[in-house]
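Report on the following structure.
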Amino acid sequence: MRSPSFCGFVVLLAGAAAAQTTMYTSANRPYQSTVWLQSMVRSRAGHLFVVYTDPFRPPQNDIAVGRSTDGGRTWNMQWQTGFAALAATDLGNNSPAVAIDDQDNLHLVWCHVGVDDNSWSNHYLRWDASRQAWGPEVALNSPARRQRYNGIAVDSRNQVWILTNTGFWLGFLQRSNVPYAADHVFNNFSPPLATSLNFEHMHMIVDALDRLHIGFYNFGASWSNYHLWIDPGASSPAWSAMATFGTPNSGADFYTALAADLAGNVYCVYGVETPGVSSGPDPYWELRKWDGITTAWSSPIAVGKTTRTNLSQGGKDNDCAFLAAACDETTGELYFTYRDLDTGTFRLLRWRDGNPAPTPYATLMTTGSKPANTLNYFMHPQIRGTLFPYFNRASVELHISYEVGDETASTPNYTLFLDRFPVGSLKSLAAPRLGTAFPLDISALADAGKSYVLGLSMTGIQPGIALQNRFLPLVPDSLFFVTVQNLVPSLFRGFQGVLDGSGMARASLVIPNAPALVNLALHAAFVTWTGTAGLSTISNPLTFTIAP
């Protein structure tokens, strides 16, 4: 007889609504910060903040900050508007980025565009959480040509870092004079960034050991992506040698997305241009890990690829402003997004160090279409994850926001969406040995009281099992159905049940004392759900090998 839990699992296959929220819709273009900037953060109380731009006074772009006090389910997208008053001749503001410190002060940086291409400048504002008020607007540099790009990050000492352009794409790094930037003063950091390099599409993060990392595109002679890092706390800080990604001198490898885990490692997802093509979107994407101990980059791992037939829409390149990456605060796994231009869908993938390749986690924007000459979608995904901010590791959900818009319609319609995915962790508590009960720790902190099913597979974790628009990282082989149908409960103890009040459960695999099982590799993962809300958590895959 099939158990009630298995019947519930079958219901998951039939589908239920994903946790997607419409944040904001406008006939103008309310785009978020693109790939090189961070636009979403979380406070200690669990409030989410998102920064975006919208032409409230067309054609000027204005900055707005939205807030959600219920984990992203509902939003007040007009929480803060009406920042700097602009001259009527100015073109407006763009490229905003936001960070938060451990006192919940918000730190906002953006680019102000004056009357022409020679009058760009970067500006800073600080929201004082104790006073519930914004401080004075600070001009970080004088107006100059194309000071478009910026980044912002807060380290564990609550020092605020700002990365800007000083004109003509030269990178410039500043640090707050005091913690929390309480006096609104920033000092030039020394040693400075190399003045001989072009810095474009910059992305800056701080790792778990307070080392600063910058990914950027150099459009000079090399046309590729690079990475630099520095330890500001060293006795004699010095910038690292440049690490090169992509294919230098073979095309414009535009974008990188950086993320950091809790162990001091950093990850980079980046686009790679077709050799010999100097412009247009990157047709495939790669992933590398920077080891926080050896400070060396791994070999590239293929992420995805698309054909070049779908890269131009209405005469416009659909460039790679749709990469984002973050590490989950509870498992340390890397999550990242990119758009599959062959299908038009927006993919979310998951990767853990040691896995040969990323595994599908979810398909976002399932209503998206294959790019065509009559339709132009803009996607600017943002994942709120580890180190945004550094200290905030208590989250039990991933938050992914992105924009979908059709600018060719007679009445354009642009929408910001938020997808929420609860995070589950599956861990082993001992070595899997013959003649023992191998314990497994199930944790889904957001799912207290919900049903769960733990499954096993002998044949791997790819391509996974589609559950609605997400993927359970197991192969549906014979062992999988034996476990999820609870056919041998004496061997698979606690593989089905209900999570306790803390969102926890314990299961165990009873391993027979059979020498033939030695060196057998098995794969495990679990799901949680409720009968009314449907699928909630899909855990990380756990792979283990039976020992004597």
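Source: prediction; values computed, not measured.
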(request) Go through Val41 and Leu106 one step at a time and tell me if the side chain to side chain contact (heavy atoms under 4.5 Å, CB included) criterion holds. (result) CA-CA 9 Å; Val41 293; Leu106 292 177; 4.0 Å; yes
(message) Test side chain to side chain contact (heavy atoms under 4.5 Å, CB included) on Met23 and Met77; report intermediate values, then the result.
(response) CA-CA 7 Å; Met23 301 168 68; Met77 294 298 285; 4.2 Å; yes
(request) For Trp79 and Phe49, run ring pair (Phe, Tyr, Trp, His ring centres under 6.0 Å): C-alpha distance rounded to whole Å, both residues' side-chain angles, the deciding distance at 0.1 Å, then the answer. (result) CA-CA 9 Å; Trp79 178 69; Phe49 299 89; 5.3 Å; yes
(message) side chain to side chain contact (heavy atoms under 4.5 Å, CB included) for Val50 and Val65? Distances and angles first, verdict last.
(response) CA-CA 6 Å; Val50 61; Val65 179; over 6 Å; no
(message) I'd like to know whether Thr74 forms a side chain to side chain contact (heavy atoms under 4.5 Å, CB included) with Thr69, so could you lay out the CA-CA distance, the side-chain angles of the two residues, the decisive distance to 0.1 Å, and finally the verdict.
(response) CA-CA 8 Å; Thr74 60; Thr69 59; 5.6 Å; no
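Side-chain contact between Leu474 and Pro476: absent, with no pair of heavy atoms (C-beta onward) separated by less than 4.5 Å. Between Leu535 and Arg470, some side-chain heavy-atom pair lies under the 4.5 Å cut-off. The shortest distance between side-chain heavy atoms of Val51 and Met40 does not fall below 4.5 Å. Within the 4.5 Å cutoff, side-chain heavy atoms of Ser443 are placed close to those of Leu445. Proximity of Val527 to Thr537: side-chain heavy atoms (C-beta onward) are nowhere separated by under 4.5 Å. For the pair Trp529 and Val453, the minimum side-chain heavy-atom distance is below 4.5 Å. Contact check for Arg350 versus Asn540: side-chain heavy atoms found under the 4.5 Å cut-off. The shortest side-chain heavy-atom distance between Ile152 and Leu163 does not fall under the 4.5 Å cut-off.
In terms of heavy-atom proximity, Gly264 sits nearest to Ala208 at N-CB, 3.8 Å. Closest heavy-atom contact between Leu258 and His203: N-ND1, 2.9 Å. Here the closest heavy-atom approach between residue Ala444 and residue Leu499 is recorded as CB-CD1, 3.8 Å. Residues Ile461 and Pro541 approach most closely at CG2-CB, 3.9 Å, considering heavy atoms. In plain terms, the two heavy atoms of Val498 and Tyr452 that are nearest each other are N-CE2, 3.5 Å. Of all heavy-atom pairs between Val303 and Pro358, the closest is CG2-CG, 4.4 Å.
Annotation: the span from Ile100 atom CD1 to Leu108 atom CG amounts to 12.0 Å, rounded to 0.5 Å. Note: Ile400 CD1 to Gln20 CD = 11.0 Å, rounded to the nearest 0.5 Å. Rounding to the nearest 0.5 Å gives a distance of 9.5 Å between OG of Ser95 and CE of Met202. Between the OG1 atom in Thr164 and the CZ atom in Phe199 there is a gap of 11.0 Å [rounded to 0.5 Å]. Between Leu212 atom CG and Asp207 atom CG the span is 8.5 Å, to the nearest 0.5 Å. Atom CG of Leu48 is separated from atom CG of Asp70 by 8.5 Å, given to the nearest 0.5 angstrom.
Here Arg67 pairs with nothing under the salt bridge (Lys or Arg N to Asp or Glu O under 4.0 Å) rule; sequence neighbours left out. Residues that satisfy the ring-ring contact (aromatic ring centres under 6.0 Å, His included) test with Trp75, not counting sequence neighbours, are absent from this structure. In terms of the side chain to side chain contact (heavy atoms under 4.5 Å, CB included) criterion, residue partners of Ser502 (sequence neighbours excluded) are, by chain and number, Asp500, Met504. When the side chain to side chain contact (heavy atoms under 4.5 Å, CB included) test is applied to Ala263, the partners found at least two apart in sequence or on another chain are Asp261, Asn265. Take Phe526 and apply the ring-ring contact (aromatic ring centres under 6.0 Å, His included) test, not counting sequence neighbours, and it matches no residue.
In this model, a donor atom of one side chain and an acceptor atom of the other lie less than 3.5 Å apart for Asp155 and Trp161. Donor-acceptor pairing under 3.5 Å is lacking for the side chains of Arg73 and Thr21. When only modelled atom types and interatomic distance are considered, Gln80 and Trp134 share a side-chain donor-acceptor pair under 3.5 Å. When only modelled atom types and interatomic distance are considered, Ser401 and His399 share no side-chain donor-acceptor pair under 3.5 Å. With no hydrogens or angles considered, a side-chain donor-acceptor pair links Lys450 and Ser536 at under 3.5 Å. When only modelled atom types and interatomic distance are considered, Glu137 and Tyr124 share no side-chain donor-acceptor pair under 3.5 Å. A side-chain N or O of Asp447 and one of Thr528 form a donor-acceptor pair less than 3.5 Å apart.
For the side-chain hydrogen bond (donor to acceptor under 3.5 Å, both in side chains) criterion with Trp110, the lone passing option out of Asn93, Thr53, Asn122, Asn94 is Asn93. Of the listed residues (Asp102, Asp128, Asn105, Asp101), just one forms a side-chain hydrogen bond (donor to acceptor under 3.5 Å, both in side chains) with Tyr180, and that residue is Asp102.
Aromatic ring pairs are classed by plane angle as parallel below 30°, tilted from 30° to 60° and perpendicular above 60°; the pair Tyr335 and Tyr361 is perpendicular. Using bins of under 30°, 30° to 60° and over 60° for the plane-to-plane angle, the ring pair Tyr267/Trp351 lands in the perpendicular bin.
For residues 351-360, the set of pairs meeting the salt bridge (charged side-chain N to carboxylate O under 4.0 Å, His left out) definition, not counting sequence neighbours, comprises Lys289-Asp353, Glu333-Arg352.
Within the 3.5 Å criterion, the main-chain N or O of Ile162 finds no donor-acceptor partner in the side chain of Asn150. Side chain of Glu286 to backbone of Arg288: no donor-acceptor contact under 3.5 angstrom is found. Here the side chain of Asn355 pairs no donor or acceptor atom with the backbone of Ala357 at under 3.5 angstrom. Side-chain N or O atoms of Ser457 include one that pairs as donor or acceptor with a backbone N or O of Val475 at under 3.5 Å.
No close placement of the Tyr226 and Phe245 rings is indicated, their centers lying 6.0 Å or farther apart. Taking the six-membered ring for Trp, Phe336 and Trp285 have ring centres at least 6.0 Å apart. Between His213 and Trp290, the gap from one ring centroid to the other is short of 6.0 Å.
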